[in-house]
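Note that the numbering runs from 1 along the sequence shown for the chain.
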Amino acid sequence: MKSDTILLDHGSGGKISHDFVTETLVPLFDNPMLSQLHDGATVTVNGTRLAFSTDSFVVDPIFFPGGNIGDLAVNGTVNDLAMCGAIPRYLSAGLIIEEGFPMASLRQILTSMKVAAKTAGVHIVTGDTKVVPRGAADKIFINTAGIGEVPKDVTISGDRARPEDCIILSGTLADHGMTVLNQRENLAFESQVASDTAALNHLVAKMLAVCPDIHVLRDPTRGGLATALNEVAMAAGVGIEIQEGAIPIKSDVAGMCGLLGIDPLYVANEGKLFAMVPAASVEAVLDCMRKDPLGKAAAIIGAVVTDHPASVYMKTEIGGTRIVQMLAGDQLPRIC
């Protein structure tokens, strides 16, 4: 879909967002590092491999069960670095605050950022603050950027997916997106579901210690698992098949999605990852993940195949086959 103006869909993380990046942004700034379209760029400086990433957070509401915009911002950038196989080291924090925003709320957000950074083992070393007039923003927006070190024996990228790789998902889908939606729209679902926002770098380090040759890591945020899998399939020119019955989803979340007509495959997650791992190492990696609190529900959900290159298919629980495409629009705006 072509448009003369920016739409919410352009920031969805789905197909329209992907097309905007590949057709408008990449041609303007094209270089080998940007064209990989990974969660972060990998660069080499004086012989040291570094990962560099940035992200902006506009979630509404800014406080929700399980977290707030502050720890979400820290965890999100830490995870983008971790998906490059990097050890996150340093973050920046940029705040855009609407005039009249309560100082007590700001302190709560900043405190949560401090705690999240300490938990992840990173330092917030620089930043910026801007205040805009009432009505020129919605409470507070946060940008974080980060730098991490990539170990010499680690090379992780979407185009490294190989046929017969197994796909491991670290835990239940759609917890964050459905929590934020429930809170924002006052849907009154009697559910204990909370956002899964968490830093995944320690889990990734354990996985790489078991298998340094993990091919792909992704955290399926905007656009959900379906969109992230499609991005990998296109980057590597491979087919991907997943099993519906193997995908872990909490019963409360599945119920909410069913009642609202939302497909959990397209809902944002903020504390989950999937890994594409050589078959010979998959059991060791899975066992390692299940011993970590953030991977205790990890499951093998599918495999990389030679059939239907650049496409994702799902074997359904009733025995059928479904094409899983990228998110077409923005079913849950301002979810992160």
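Atom-to-atom distance recorded for L229:CG and L265:CG is 8.5 Å, nearest 0.5 angstrom. Distance CE/M178 to SG/C257: 4.0 Å, rounded to 0.5 Å. Atom CZ of R49 sits about 11.5 Å away from atom CD of E149, to the nearest 0.5 Å. Here the CD1-CD1 distance, from I109 to I62, works out to 4.0 Å after rounding to the nearest 0.5 Å.
Among residues at least two apart or in separate chains, there is no ring pair (Phe, Tyr, Trp, His ring centres under 6.0 Å) pair with a member in residues 101-154. Within the structure, ring pair (Phe, Tyr, Trp, His ring centres under 6.0 Å) contacts touching residues 234-257 (residues at least two apart or in different chains) do not occur. Within the structure, the ring pair (Phe, Tyr, Trp, His ring centres under 6.0 Å) test picks out the following pairs touching residues 276-319 (sequence neighbours left out): H308-Y313. The side-chain hydrogen bond (donor to acceptor under 3.5 Å, both in side chains) pairs that include a residue from residues 276-292 are K206-D292, D287-K291, where partners are two or more places apart or lie in different chains. For the salt bridge (charged side-chain N to carboxylate O under 4.0 Å, His left out) condition, the pairs that include at least one residue of residues 248-258, sequence neighbours left out, are D175-K250. Among residues at least two apart or in separate chains, there is no ring pair (Phe, Tyr, Trp, His ring centres under 6.0 Å) pair with a member in residues 150-170. Each salt bridge (charged side-chain N to carboxylate O under 4.0 Å, His left out) pair with one or both residues in residues 136-147, not counting sequence neighbours, appears once here: D138-R334.
Under a 3.5 Å cut-off, the side chain of S170 and the backbone N or O of L273 do form a donor-acceptor pair. A side-chain donor-acceptor contact under 3.5 Å links N269 to the backbone of A174. Between the side chain of K272 and the main chain of T172, a donor-acceptor pair closer than 3.5 Å is present.
Here the closest non-hydrogen pair linking A198 and L294 is CB-CD2, 3.9 Å. Nearest heavy-atom pair across S112 and D71 is OG-N, 3.4 Å. The heavy-atom pair separating G271 from L200 by the smallest distance is O-CD2, 3.4 Å.
A side-chain donor from one of N143 and S56 sits under 3.5 Å from a side-chain acceptor of the other. Under the 3.5 Å distance criterion, with hydrogens and angles disregarded, a donor-acceptor pair is assigned to the side chains of S157 and D159.
Qualifying salt bridge (Lys or Arg N to Asp or Glu O under 4.0 Å) partners for K315, counting only residues two or more places apart in sequence or in other chains: none. Take K152 and apply the salt bridge (Lys or Arg N to Asp or Glu O under 4.0 Å) test, not counting sequence neighbours, and it matches no residue. Partners of E185 by salt bridge (Lys or Arg N to Asp or Glu O under 4.0 Å), not counting sequence neighbours: none found. A search for ring-ring contact (aromatic ring centres under 6.0 Å, His included) contacts involving F52 returns nothing, not counting sequence neighbours.
One hydrophobic cluster, built from ILVMFWY side chains closer than 4.5 Å, holds both V59 and V78. Connection of M289 to I301 is not established within any shared hydrophobic cluster, with ILVMFWY side chains joined at heavy-atom distances below 4.5 Å, either directly or through further cluster members. Clustering ILVMFWY residues whenever any of their side-chain heavy atoms sit less than 4.5 angstrom apart, transitively, puts V305 in a cluster other than the one holding V312.
Within the hydrophobic cluster formed by Ile, Leu, Val, Met, Phe, Trp and Tyr side chains joined at under 4.5 Å, directly or through other members, I87 stands alone, with no partner residue.
Using a cut-off of 4.0 Å between Lys/Arg side-chain N and Asp/Glu carboxylate O, R322 and D263 are scored as salt-bridged.
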